[in-house]
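For ligands, and for the atoms within them, numbers begin at 1 and follow the listed sequence.
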Amino acid sequence: MNTITVNVGGILIGGANPIVVQTMCNTHTSDVPATVAQCKRLAAAGAQLIRITVPGLQDIPHLKAIKQQLRRDGVRTPLVADIHFSSETAIAAAKVVEKVRINPGNFHKDHEEARRQFARFLEVCEEYGTAVRIGLNHGSLGAYITDKYGNTPEAMALAAMEWVDMCLEAQFYNVVVSLKASNTVVMVQAYRELARLMKERGVVFPMHVGVTEAGNGDSGRIKSCVAISTLLAEGIGNTIRVSLTEDPENELPVARYLADRYGRPHPGKNCLSPQEETILKAACDYGAPLLNHEVDDIPLQDEYLKDEIMQACRRRFYKPEYIACPGCGRTMYNLQAAFEAVKSRTSHLKNVVIAVMGCIVNGPGEMADADFGYVGEGGGKVTLYKGKEPVKRHIPEEEAVDELVKLIEESEDIA
Ligand code: SF4
């Protein structure tokens, strides 16, 4: 798909440029040495853009220090600030880093005020040459959209188009758009609709493509590959992130595999094991035919791999559907260990969606259609959710997995 080209600190996204591979730090932004060290590892592992969460204005000095130290040490990888809710923080970050990711609908409860703040933010980005990602996720669309359009892929695309139109009116073109979801069917449909609507406008911004809260291990890789590969094969997607609830370095070989398979190969060799490559290849080969309902079965001898791919495409469910965020600088507990513990205690269940989320600020909103949620509060405490309702709060972490299992077992809806 023909998109315009966006320049993020010298990294070109869209147009005829190769697919750009990116990831995100999971260190605390206030821990400058740890974040600098992780950025260096990620850059060395092939990240072309690195995102860092900026929870509030108090983190702007840390963001500045991280960037200064990286540049001083010769690491030139452009940085992306990840901002939620606060346009003031987004504006401050736009003066520091090469790109800022925001969901403008969350800037303010009053929608007109959110629009005013977004317009001001764009002015600052224009002045500083900062690129923008308009990043909306399924599950956190905001009432103004769900009341109007429902909670569908089409609603996601329409919600994004409001901000895209504002960029066009302001003649601000340094924009990338994303519409992530953990549900692969929703995600693929949302991007297709977004691409169609932007084409209708006559200006197609590059798209950042990813499956959010994909989880970890083979399942997380397969879920990401089936959906991202489906879109890349259609020419949708100019930069990608494979979100895994693992160390972010692990995301990069998977993203590189996808970028090389569907774009111009990056120089150098990818460092996948033959087994990992077999899994990714099968997910890419069979993802689109299953998601598009062109086939109902796939000719794989390996039953485990077949089950995983079928479930990733939401064609057959053989275990719980897990939603787990990758964690970021907002995570205040050992998310990876908690997710493993939840999986090991619930893997026998079927027809249930279980979310494990890294923070109480965004986690509940991002859980989308989960039946049960395990959300870290920080301070060694966890809140458990049934659907969208918090049903048990402030549970000590050591008891939280037991309490979650009890909650699921007590539920009449779960077979
Ligand atoms: S839900 Fe997870 S990835 Fe999203 S902001 Fe919270 S900790 Fe970070």
Side-chain angles (χ1 to χ4, degrees), residues 22-31 34-35 38-39 42 47 49-56 58-59 62-63 79-86 89-90 93 100-103 105-107 133 135-142 178-183 187 208 210-216 220 223-224 241-251 322-340 342 353-370 372-385 388 390 397 400:
Q22 57 174 293
T23 183
M24 182 167 179
C25 285
N26 64 359
T27 47
H28 292 139
T29 308
S30 56
D31 187 344
T35 306
Q38 188 169 63
C39 286
L42 296 173
L49 294 178
I50 300 174
R51 188 152 44 113
I52 298 172
T53 193
V54 184
Q58 73 281 359
D59 292 294
H62 304 132
L63 189 66
L79 301 177
V80 186
D82 194 72
I83 314 283
H84 292 272
F85 309 115
S86 162
T89 310
V100 178
R101 176 265 165 128
I102 37 111
N103 174 0
N106 290 343
F107 275 166
R133 166 153 69 104
L136 276 62
N137 284 1
H138 187 229
S140 60
L141 290 181
S178 70
L179 290 180
K180 298 187 183 180
S182 59
N183 177 321
M187 178 273 206
H208 166 134
V211 176
T212 190
E213 290 112 27
N216 66 0
K223 219 192 251 189
S224 291
R241 180 189 179 197
V242 172
S243 302
L244 296 175
T245 315
E246 299 181 20
D247 292 342
E249 280 146 286
N250 297 354
E251 298 177 356
Y322 294 108
I323 294 176
C325 80
C328 70
R330 291 179 184 264
T331 312
M332 297 295 170
Y333 75 111
N334 191 338
L335 169 69
Q336 294 177 16
F339 183 40
E340 281 307 321
V342 168
V353 183
I354 303 172
V356 180
M357 305 300 282
C359 76
I360 200 80
V361 183
N362 292 334
E366 298 279 345
M367 289 190 305
D369 50 4
F372 298 94
Y374 177 113
V375 181
E377 294 174 21
K381 298 285 163 49
V382 171
T383 295
L384 299 180
Y385 283 73
K388 299 242 174 273
E397 235 176 280

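Rounding to the nearest 0.5 Å gives a distance of 14.5 Å between OH of Tyr322 and OG of Ser182.
Sorted by chain and number, the protein atoms of type N, O or S within less than 2.8 Å of atom 8 (Fe) of ligand 1 are Cys328 SG.
Under the 3.5 Å distance criterion, the side-chain polar atoms of His84 are left unmatched by any main-chain donor or acceptor of Gly56. A donor-acceptor pair is defined here as one N or O able to donate and one able to accept, closer than 3.5 Å; no such pair exists between the side chain of Gln22 and the backbone of Arg51. Listed for the Thr29 side chain is a donor-acceptor partner under 3.5 Å among the backbone atoms of Thr53.
Between Ile323 and Ala370 the shortest heavy-atom distance is CD1-CB, 4.3 Å. Contact record, Lys180 with Thr212: CB-CB, 3.8 Å, taken as the closest heavy-atom pair.
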